[in-house]
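When a residue number appears, it is its place in the shown sequence, counting from 1. Each ligand, and each atom within it, is numbered from 1 in the order the structure gives. Just so you know, these numbers come straight off a predicted model, no measurement behind them.
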Amino acid sequence: MNITVIGTGYVGLVSGVCFSEIGNNVRCVDKIASKIETLQSGGIPIYEPGLQEMMMKNVEAGRLTFTTDLSGPVSESDLVIIAVGTPPLPSGEADLQYIEAAAREIALSMKGYTVVAVKSTVPVGTNERVNSIIASLTDQPFDTASIPEFLREGSAVKDAFNPDRLVLGVQTQQAADLLLELHRPLTENLVVTDIRSAEMIKYASNAFLATKISFINEIANICDKVGADVDEVAKGMGLDRRIGPSFLNAGIGYGGSCFPKDTHALIQIAGNVEYDFKLLKSVVEVNQAQRWGIVDKLLEALGTLQGKKIAVWGLAFKPDTDDIREAPSLEIVPKLVEFGALPQVFDPVAAENFRREYDHESITFAESALEAARGCDAVCLLTEWGEFVNIDLKEVEAVMNQSVLVDGRNVYTAQRVKETGFDYHSMGRPALLRDSFIATQS
Ligand SMILES: NC(=O)c1ccc[n+]([C@@H]2O[C@H](COP(=O)([O-])OP(=O)(O)OC[C@H]3O[C@@H](n4cnc5c(N)ncnc54)[C@H](O)[C@@H]3O)[C@@H](O)[C@H]2O)c1
Ligand SMILES: O=c1ccn([C@@H]2O[C@H](COP(=O)(O)OP(=O)(O)O[C@H]3O[C@H](CO)[C@@H](O)[C@H](O)[C@H]3O)[C@@H](O)[C@H]2O)c(=O)[nH]1
């Protein structure tokens, strides 16, 4: 199948590479010339494990090319996938200007029957808008479709080949047949539905996952007060198949380019039809407050942050990505500075992206986790990169001024902490270090 993918961000590039990997001819288009030049020369503008190797393999096989000009590729394509950004407007609503511009450009180049599928996360009704834009500019036959993306950054390639399900929102059998042919090699769990429902499935899924996170974070806050261990609670809850174990990791809350944006957008979508989505508003509020929990714990442990050196481990919104969009670090580090602290920050890949967003004379960018900890009064872990999880805590303690460890992602076991002299604080696990039956078992 000949496919054009518009937008080479996380979603467009991963989709383009994966569809070429299963034998399709894919042309990836982006209007940012520097991105295309990087891709054409074998480089990759984002950090995503396994993507570059797979990209090079398919480029060499002649199935994958990159360009800034969509006209040629679109005119030869059976399927055009729109994977441009839908960033939030100040109101929280999704900004659809890039979707609409792409629709106009596609319409002017289409030749013969083409399916135009929106992969970007868009409010219900957007495909109809895309449909009317294209119909107003061309008399070529076409269908629009909604194929929302569910990949997670950091495991995008793995997710693309092992999806729990794929959702195909269609309006004709012809479009359904083409999309089924494309997606069948990836999974048997194909949900074929109407376009509006497909658009809604994406927002509802992200909102539900965000709700699970805020729920367990509130349970963690209560565990802190009643002396329970939220990880034990999550384990006990998650074994109930109706609840499930995933997305019950308590910590400093969710960030990233999707959950914050999509929860706000769904609140707005509901508001536009005069529905007050009270539950989701609370999810967002809880998530915001959760970020300050780690600062409270540092204050509790140190008394004051004025002049204190604080090592910050992790700046990316999650491990295995350089993405810092809506990362908790972007609020927590400035808050530490505001309290007079001297943060020594380190992230294996996201430090440069962070520095572009926020820098201050009080901050030192360290070259390693150990260097970040040197001379510090406390370490706080914001992102659970493997190298922080597996670090030798005794070695870290040895280079610090005071041994306080605030674990914002609950990654250390009781045994590892007990081997050190750290004054250890976690998110909702006060029972962890207690000499109780559970603590001696763990
Ligand atoms: N990042 C994720 O993990 C993820 C996962 C699922 C869904 N989504 C959704 O997918 C969409 C894309 O997300 P992303 O993170 O890949 O965005 P991104 O901002 O990383 O990439 C979008 C790309 O589209 C390009 N672009 C915009 N208009 C264009 C045009 N007219 N022609 C050619 N290129 C154009 C931009 O230059 C940019 O490179 C969003 O709606 C997002 O909500 C993202
Ligand atoms: O138990 C958990 C799980 C996640 N998180 C946080 O939640 C955020 C999002 O994590 P994750 O979902 O793994 O990453 P994303 O790449 O943002 O992926 C989400 O957003 C994408 C964009 O819409 C969707 O495609 C994915 O299905 C959806 O998981 C991160 O800050 C995590 O630290 C927690 O705090 N606790």
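The protein non-hydrogen atom at the shortest distance from atom 18 (O) of ligand 2 is R152 CG, 3.5 Å. Atom 31 (N) of ligand 1 has E105 OE2, 3.5 Å as its closest protein atom, hydrogens excluded (heavy atom only). Among all non-hydrogen protein atoms, the one lying nearest atom 20 (O) of ligand 2 is C258 CB, 3.2 Å. Looking at atom 19 (O) of ligand 1, its nearest protein heavy atom turns out to be R325 NH1, 3.9 Å. At the shortest separation from atom 1 (N) of ligand 1 among protein heavy atoms lies E153 OE2, 2.9 Å. Counting only heavy atoms of the protein, atom 17 (O) of ligand 2 lies nearest to F317 CE1, 3.4 Å. At the shortest separation from atom 7 (O) of ligand 2 among protein heavy atoms lies Y254 CB, 3.3 Å. In this structure, atom 6 (C) of ligand 1 lies nearest to the protein heavy atom E149 O, 3.3 Å. In terms of protein heavy atoms, atom 43 (O) of ligand 1 is closest to K261 NZ, 2.6 Å. The protein heavy atom nearest to atom 36 (N) of ligand 2 is N249 O, 3.0 Å. With hydrogens left out, the protein atom closest to atom 14 (O) of ligand 2 is K318 NZ, 3.0 Å, a heavy atom. With hydrogens left out, the protein atom closest to atom 37 (O) of ligand 1 is D30 OD1, 2.7 Å, a heavy atom. Looking from atom 14 (P) of ligand 1 to the surrounding protein, the closest heavy atom is Y10 N, 4.0 Å. Taking atom 12 (O) of ligand 2 as the reference point, the nearest protein heavy-atom neighbour is F247 CZ, 3.2 Å. Summary of contacts: the protein heavy atom closest to atom 20 (O) of ligand 1 is G9 CA, 3.4 Å. Protein heavy atom in closest approach to atom 25 (O) of ligand 2: L151 O, 2.6 Å.
Residue T121 has no nitrogen or oxygen atom sitting less than 3.5 Å from a nitrogen or oxygen atom of ligand 2, judged on distance alone. Looking at L209 next to ligand 2, no N or O pair under 3.5 Å apart turns up. Geometrically, ligand 2 and G255 share a nitrogen or oxygen pair separated by less than 3.5 Å. Considering both main-chain and side-chain atoms, I213 never comes within under 3.5 Å of ligand 2 through any nitrogen or oxygen pair. Taking any N or O of R409, backbone or side chain, at least one lies under 3.5 Å from an N or O belonging to ligand 2.
Ring geometry, Y358 versus H360: the interplanar angle falls under 30°, so the pair is classed parallel (tilted spans 30 to 60°). The aromatic rings of Y254 and F259 sit perpendicular, their planes meeting at an angle over 60°, well past the 30° parallel limit.
Between the side chains of N221 and Q290, a donor-acceptor pair is found at a separation under 3.5 Å. In the model, R416 has no side-chain atom that pairs as donor or acceptor with a side-chain atom of Y424 under 3.5 Å. Checked by atom type, the side-chain pair Q171/N127 shows no donor-acceptor distance below 3.5 Å. Between the side chains of S71 and D69, at least one donor N or O lies within less than 3.5 Å of an accepting N or O.
Considering T67, I32, V11 only, the shortest heavy-atom separation from atom 5 (C) of ligand 1 involves V11. The option with the heavy atom closest to atom 11 (C) of ligand 1, from among V122, T86, V84, V118, is V84. For the residues E149, K202, K212, the heavy atom positioned nearest atom 23 (O) of ligand 2 is part of K202.
No side-chain heavy atom of S426 sits less than 4.5 Å from a side-chain heavy atom of D231.
Checking each of L179, L178, T144, D194 against V170 for a side-chain contact (heavy atoms from CB on, under 4.5 Å) leaves exactly one that passes, namely L179.
Of all atoms in ligand 1, listed by their number and element, those nearer than 4.0 Å to a heavy atom of S120 are 10 (O), 11 (C), 41 (O). Interface atoms of ligand 1 facing I6, defined by a heavy-atom separation under 4.0 Å, are 30 (C), 32 (N), 33 (C). Ligand 1 places these atoms under 4.0 Å from at least one heavy atom of G85: 22 (C). Counting the atoms of ligand 2 from 1 in the order shown, those under 4.0 Å from a heavy atom of E153 are 16 (O).
The pair K235-E232 meets the salt-bridge criterion, with a side-chain N (NZ, NE, NH1 or NH2) lying under 4.0 Å from an Asp/Glu carboxylate O.
When heavy-atom distances to ligand 1 are checked against a 4.0 Å cut-off, P148 has no atom that comes that close, whether in backbone or side chain. Under 4.0 Å from ligand 1, not a single heavy atom of D323 appears. For S257, every heavy-atom contact with ligand 1 shorter than 4.0 Å involves the side chain, none the backbone. In N206, the part holding a heavy atom less than 4.0 Å from any atom of ligand 2 is the side chain.
Ligand 1 does not have R152 within reach: every non-hydrogen atom of the residue lies 4.0 Å or more from it. Using a 4.0 Å heavy-atom cutoff, A101 is absent from the residues neighbouring ligand 1.
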- Kindly indicate, with the supporting measurements, whether the criterion side chain to side chain donor-acceptor pair (under 3.5 Å) is fulfilled by E93 and N272. CA-CA 10 Å; E93 274 174 299; N272 290 348; 2.9 Å; yes
